[in-house]
Every structure is written in structure tokens, then in C-alpha cells.
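Working notes, beginning with the structure itself.
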There are 4 protein chains.
Amino acid sequence: MTSKKTEKYHLILQGALKVFAENGYHRSQVSKIAKAAGVADGTIYLYFKRKEDILIHLFQEKLGELVNKFHESVAETNDACEALRMICTIHYTELENNPELAYVTQIEMRQSELELRKEIGITLKPYIELIENIVQQGIDNGQFRANLNVKLVRNLIFGSMDEVVTSWLLSGQKYSLRDQVDETLQFFIHGVSK
Amino acid sequence: MTSKKTEKYHLILQGALKVFAENGYHRSQVSKIAKAAGVADGTIYLYFKRKEDILIHLFQEKLGELVNKFHESVAETNDACEALRMICTIHYTELENNPELAYVTQIEMRQSELELRKEIGITLKPYIELIENIVQQGIDNGQFRANLNVKLVRNLIFGSMDEVVTSWLLSGQKYSLRDQVDETLQFFIHGVSK
Amino acid sequence: MTSKKTEKYHLILQGALKVFAENGYHRSQVSKIAKAAGVADGTIYLYFKRKEDILIHLFQEKLGELVNKFHESVAETNDACEALRMICTIHYTELENNPELAYVTQIEMRQSELELRKEIGITLKPYIELIENIVQQGIDNGQFRANLNVKLVRNLIFGSMDEVVTSWLLSGQKYSLRDQVDETLQFFIHGVSK
Amino acid sequence: MTSKKTEKYHLILQGALKVFAENGYHRSQVSKIAKAAGVADGTIYLYFKRKEDILIHLFQEKLGELVNKFHESVAETNDACEALRMICTIHYTELENNPELAYVTQIEMRQSELELRKEIGITLKPYIELIENIVQQGIDNGQFRANLNVKLVRNLIFGSMDEVVTSWLLSGQKYSLRDQVDETLQFFIHGVSK
DNA sequence: GATGAATGAGTGTTCATTCAT
DNA sequence: AATGAATGAACACTCATTCAT
């Protein structure tokens, strides 16, 4: 249910996503976002403290939806391998289907000050922790090695997927991202060894 | 022996590294860099076309050194696992020992326009390819699975390490990065499975 | 009645005229013009694309008024000699009464790039053509020689008056400009010969 | 006789004439002039106090030659009409044959500060006075009207020719300047009347 | 709440001039 | 005298943010 108050809020976020994806954060003037959202420049400041705030909220909003999808999909299984597969599938599929979102998360999000990076870290945390829980679950049910450093491994897993997406994006999205799921999973499960 | 001509060039790069690490790229005024380098503002433009150019050269210079170290170390062995270990060791150790460089590569480098990102991609390519070669070598000598997608795997490996470094940096460098080498290698070689 | 929108536009032009006359175009910083106009620096760029634009608009605005006066005065007569007299009278009188405008038209206008000079040429054209028409009229009604090269003669006439104004200005405006009308006319009509 | 000391002086002036004509005064960096002259930047300051100085000297040098030609040609005759014809012929011919010089005198010379304009006025004075003398001579020998205001008339004459040259230049030199001599003279001698 | 005109702080870059060699 | 690397003052322009309506 979207109240009348939040209508403009979402219009602005929608406009910002479009403008950021087209021009990059630093080249996206507030007035351009306002125009894309169909509101006046000043109106933006009724919903956001600063320009940076738009980016943060955009990230939180969009990532929140993603994290929800992750949680929903994983809830259905006790198999850690299967859970990892679902995580990876959603990760690749969702970003492949939303190139604008992909661009903003992979490129623009990183273009921010240290302060903002930490803010983003907080938003990202539930996702990272979800991966951590899956790894822990895999250990607990005997699927994974017991001596895994879960905090390190979750970073390795997230970092891998993250880089694959960025690489795909910078390459010009010339191949299918979701087609990489199987081989990515192979690597997570068995590593490179025979 | 540093020729007189390149002396200021390196002074400026050194100053820029310091200033970028302290303030971030966008908050680093050219005049601040000049001051840190002990030269006049205008002098910078005798050696660099524009501010962005400093970042690119800084990256190329520093990353070039790193890539050389990677190549040298790897040249000594035919064992793909051992080569991966060396790569990871150098990657973690060098950045741990050069926090300023780490900050610039992990945070500031990403703060740049798409155009620059591609420039950086080119500089990074030899490193990525080195990893690819190691993986290929591992396949060839039977250490690794034959059906590995080398281009995907190299991205997974690089992305993993990259994320570990970023995470370490954003955490405030509270733990030892090089101590993560063994477990990182475990993950690369065997994945998570028992 | 000046609409609210154009109010600042005219304030800026007025300020620019003053500042240009006092300091010359190149020594007139935008901030100085803004101050003289009683607006913020940035406001200028809501009404003009760039600094040069102010000069062009100033010229068009002021010259447009002059050209109108020329046209009005000439419309009243069929006598080419009388028309020339009116042209000359207005030319001298108006500039004598507006030393700031005189300074800008005679000195600053010429200080601009070739590109701008052509722009100015376009604005000046109606005036030059008016002179041409008068000459043609004089030929047609038998007052002037039939074999006059009207395009050359209009330049000779305009150039004469223009130089007289510049000379008067550079001399420090020590004598009356309008007092030169009679003798200037004599020269136009009869030349130097007995 | 050119001493070794003045060799570079003339090289610089020659280079400046070329560069000014090609780029205009304000877009002509000192370093560009130095390059065109085949000397080092600093060398220029051994011969000229400031950049503006080059323009002044260039003007004085080139105009000095012109004035000499004027004087020589006029010395041969006592006929004021004939003298005016010679003045006009040389004025148009010389500038038509030296488009670079024409460009600098008609366009660039005007692009200078009031201070410089007065400097130029001084250099131009002998030429203006020469015209004045011719007019006076015409009066004295009964060729011209006795009640002519010589100081005004000289300005009218100079201004006419000056405007014709500028107009020809801005038109892109599409027609012959010297072909305008006869009709210009007609205007000076008889004005426009029948 | 909504507007959008107005603000003014902030900075990369140029280039005339200097001066140690 | 000649060099040319180094200097640093100067400034147009942008754009996030405010606030009177």
C-alpha cells in the first residue's frame, strides 16, 4: 500500500535509478533527477536530506527487495549446496534482468565516499550474513568441511559473484550471466582441484 | 637512478597517493596534491594532462610494480597450486604493507567514471591473465579439472581476493590480511565441500 | 512595464555596461558584474550562457534602440540629404549623451574575437543597410550622382562617423561631438572640393 | 643593416605577426610565438617587456614602413587630389598584399586595452597628420574649400578608408580592395552630390 | 506540501612571467 | 645571451541547497 506521501518518494527513486544508470552519479544533477521524476528540484529535499541520500535510499530499497527474495528462496531448503545455488541464481538473474540496477550497484555505488561505503556495507550485511548462515548450515549438517572460516568464506563467495557481475557489465553484457551459475557453483563446492 | 626530469613526476605521484588516501579522490584538490608534492600547482600540468591523469598514472605505476612481482614469483614454479599460493600471498601481503595503496586501489579507483574504469581494466588485465594462465597450466598438468571455464574461474579467484581486501580495509584493518592466505587457498583448491 | 522575469536580465545588462565602461571587457570579472547588478554570480548564468553572451546582448539591446531611433527619424523625410543629416545627428548625439555606451561600442566591442565580431556585424547590418537605402534614395530622386557604388559609399559614410566618435572618445571627450554634424554633412555631400 | 642583436628581435616580430594573424592576440600564447620564431620562451623577454609590447612594436615597425611609403609617394606632388589618390592607393594596396598585416592592424590592434589603444594612436599620428597636411595643402592652393575643418576632415578620410578595409577583411577578402580606390577618391573629392 | 528562482561556495586549468643554469 | 622548467595568480562556470511564495 503506497500512501500519497510516499508516491513522490518512489517517483524520485525511480527517476534517480534511471538517471544514475544513464549518466553516473557525479554527472547526475539533482535537477535532472527532478525532471525525470516529474517533480520540482526543491521537492526532492522534502524527501531526502542530500543528494547522497537518494543513492543510499535507492540502494536500501532495491537491495532490500533482493535480500527478501534471497531469504524466501533459501527458506525452502535445508541443503546448503542447493541454497548456494539459489543465492547465485537469484544474484545473477536479478541483475541480468535489471541492467539499470546492476549498473548502479556495481559501478555507481562504488563511486561514493568512504562514509557512504560503510552505509552501503550495513545495507549489504543481511545478504552477507545470509551467505554466512548457509555456509554454517553446510558445516553443521556435514556437507561442508568443519574447519571452514565462515566469515572468510562468505566474503570469498560474495566477492566472486560480485566480480563476475562487474566483469559481465564492463564487457558490455555480451553473454548470459545466469549461464554462469553452474560453473560458479562447481567452483564454490569443489574448488579447482580434480 | 632517478633522472631529474622524472623526479617531480614521482614526487607528484607520491604526494597524490598520500592525499588521495587521506581525503579520497574527489576531496583532493589539485592544489593540495601540489602542496604535498612540494611543487607549484601549475607544475602538475607539466607532467599530467589533468587531475584524472594522476590517478591513472598512479594506478599504472603502482600496479605495474605489483604485476612484476607476481610474474617474478610465479616464474619459479610449475606447480599451479603453488603459483596460486604465491599470487594470493603477494596480493594480501603487499596491500597489507601499503595501506595507502590499498585504500587507493580498493576504494578510490572505483570512484571513477566508467571511462576511467575501463582504463583501469586495461592495466589490470595482465594480472587477470596471469591468473588465467595459472589456471590453464593447472588444467594442462592435470592438477585441476579439465572442464574448468578458465575465464570464469579467473574472475572468481580475483573477485574473491579483491573482496577480502576491501572487507579488511572497511573493517578498519583490525586483523592480519596475510593470515587469510591459507584458508583462501583451501577454498580455491577444494571449495567448500568435504 | 517590466515583467519580473526580465527585471534581473536588465539589471545585469545595466551592471555590465557600467563595469565594462569602467574596466574594459577583459578586466571585468563576472563577479564584479554580478555585484554591480545586485545579484549573485550564479544568477547571471540563468540569463546568459556565458560572459561573452552579456556583451552580445548588451550590444544588441542598445544598438537595437539606436537603430529604431534612426528608422523613426528617417521615416519622416524623402530628402536624402536631410536623412543623412538626421542619421549623423543621432549617431553623434546619442553617443555623446551616453559615454558609457560609446565606450563599449567603440572600444570594447572591437576587443572581441573574430567570431564575436561577425555576430556584431549582423546586429550592425540594419544600420548599415539604412545608410545604403538613403544613398540609393538620393540616387533615385536625382539628389546624388547616379554612378555611386552604394555599398562602398555606405561603408565610407559609416566609417567616417565611426572614426570621428572613436577619435573624440580617445581624446577624452574634450569637445562637442554634435557640433561636428554640419561639417561632417558638408563632407558627405560635397566632399572636399570647391 | 641588421646587427646580430636585432636578428632575434625581428624573428620574434615575424613569428608574432604570423601567430597573431592565425589565432588572434588573446589566443596567441607567448610560447606559441616563441616556437614560431624559433627561440625559447624566455628569450622573448630579453627583447620585449611584456606580451603586449610585442604587439606595440609590431605595429610601430610595420606601420612605420607604411608611413614611410606614404611620405615618399606624396613628396613627389603638389596636387592635393593626386596626393590623396596616392595615399588611398597605398593604403588599400599594401593591406591587400599583406593580409596578415591587415588582419593584425584592423582586428587584433583593436582588441587591446585602452592604454594600448592610446599607444597605437601615437604611432598612427604621423599618418593622420600626413592626411591633415594634404588637406591643408589643398586648401592653400585653392583646390579645396577654405572653410574645411582639417582635423575633422582628416578623421573622416582616415575613418572611411579604415572601415572599407575592415569590411573587406570581414567579408573574407572576396573582392579587390585596390579596385575601390577610384570610387573612394570620387567620394572624398566630390562627396555624394551631383 | 510543492515550487523553481536565486544563491554563492568551490576548483581545475591556463599561461604570462621569472630565474637558475 | 639564451634557455625552458617552474611558478602561482587569476577566473569563469557549475550545481547542491535554500526559501519566499
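Lettering of chains follows the sequences in order, A, B, ..., and the numbering in each one begins at 1.
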(request) Provide the Watson-Crick or G-U wobble partner of F/dT21, both distances under 3.5 Å; none if there is no partner. (result)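 For F/dT21, the partner nucleotide comes out as E/dA2, under the 3.5 Å rule.
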(message) Using Watson-Crick or G-U wobble geometry with both distances under 3.5 Å, which nucleotide pairs with F/dA9?
(response)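 Pairing partner: E/dT14.
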Name the pairs: protein N/O against N/O of nucleotides 8-10 of chain E, kept only if under 3.5 Å.
unit_1	atom_1	unit_2	atom_2	d
E/dG8	N7	C/Gly42	N	3.1

Between [atom2] on [N] and [atom1] on [X], what's the gap in Å once rounded to a whole number?
{"X": "B/Leu46", "N": "E/dT13", "atom1": "CG", "atom2": "C1'", "result": "12 Å"}
{"X": "B/Lys32", "N": "E/dG12", "atom1": "NZ", "atom2": "P", "result": "10 Å"}
{"X": "D/His26", "N": "F/dC11", "atom1": "NE2", "atom2": "C1'", "result": "14 Å"}
{"X": "D/Ile12", "N": "F/dA1", "atom1": "CD1", "atom2": "P", "result": "11 Å"}
{"X": "C/Asp53", "N": "F/dA12", "atom1": "CG", "atom2": "C1'", "result": "13 Å"}
{"X": "C/Ile33", "N": "F/dC13", "atom1": "CD1", "atom2": "P", "result": "11 Å"}
{"X": "D/Lys49", "N": "E/dT18", "atom1": "NZ", "atom2": "P", "result": "11 Å"}
{"X": "C/Ile54", "N": "F/dC13", "atom1": "CD1", "atom2": "C1'", "result": "12 Å"}

(request) Test side-chain contact (heavy atoms from CB on, under 4.5 Å) on B/Leu13 and B/Phe48 and set out the steps. (result) CA-CA 10 Å; B/Leu13 282 188; B/Phe48 302 92; 3.7 Å; yes
(message) With a 4.5 Å cut-off on side-chain heavy atoms, are B/Leu124 and B/Phe59 touching?
(response)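 Yes - at least one pair of side-chain heavy atoms lies under 4.5 Å apart.
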(message) Are the side chains of A/Leu46 and A/Lys8 in contact, using a 4.5 Å heavy-atom criterion?
(response)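 The answer is no, as the side chains (C-beta and beyond) never meet within the 4.5 Å cut-off.
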(message) With a cut-off of less than 4.0 Å, is there a side-chain N or O of C/Tyr45 near OP1 or OP2 of E/dT7?
(response)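 So the side chain of C/Tyr45 is outside the cut-off, no N or O lying under 4.0 Å from OP1 or OP2 of E/dT7.
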(message) Just N and O in the side chain of B/Tyr47: are any of them under 4.0 Å from OP1 or OP2 of F/dA6?
(response)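 Checking F/dA6 against B/Tyr47, a side-chain N or O does come within under 4.0 Å of OP1 or OP2.
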(request) Just call it for C/Val30: base, sugar-phosphate, or nothing, with non-hydrogen atoms closer than 4.0 Å on any strand. (result)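 Answer is sugar-phosphate: C/Val30 comes under 4.0 Å of backbone atoms only.
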(request) Measure across C/Ser31 and C/Asp41 and return the closest heavy-atom pair with its distance rounded to 0.1 Å. (result)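 Closest approach of C/Ser31 to C/Asp41: CB-OD2, 3.3 Å.
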(request) Hey, which sits more toward the 5' end of DNA chain E by its nearest nucleotide, B/Lys51 or C/Ile44? (result)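 Mapping each residue to its closest nucleotide by heavy atoms, the 5'-most match is C/Ile44.
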(request) Determine whether more than 12 heavy atoms belonging to other residues, nucleotides or ligands lie under 6.0 Å from atom NZ of B/Lys18. (result)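 Incorrect, the count does not exceed 12.
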(request) Please confirm whether the backbone N or O of C/Thr6 pairs with a side-chain atom of C/Tyr47, one donor and one acceptor, at under 3.5 Å? (result)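 It does not hold such a pair.
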(request) Consider the side chain of B/Arg50, meaning its heavy atoms from C-beta on, and name the nucleotide among E/dT13, F/dA2, E/dA2 that approaches it most closely. (result)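 Nearest to the side-chain atoms of B/Arg50, counting from C-beta on, is E/dT13.
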(message) Between C/Tyr9 and C/His57, is there a side-chain donor-acceptor contact under 3.5 Å, judged purely by atom types and distance?
(response)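 Yes, a side-chain donor-acceptor pair sits under 3.5 Å.
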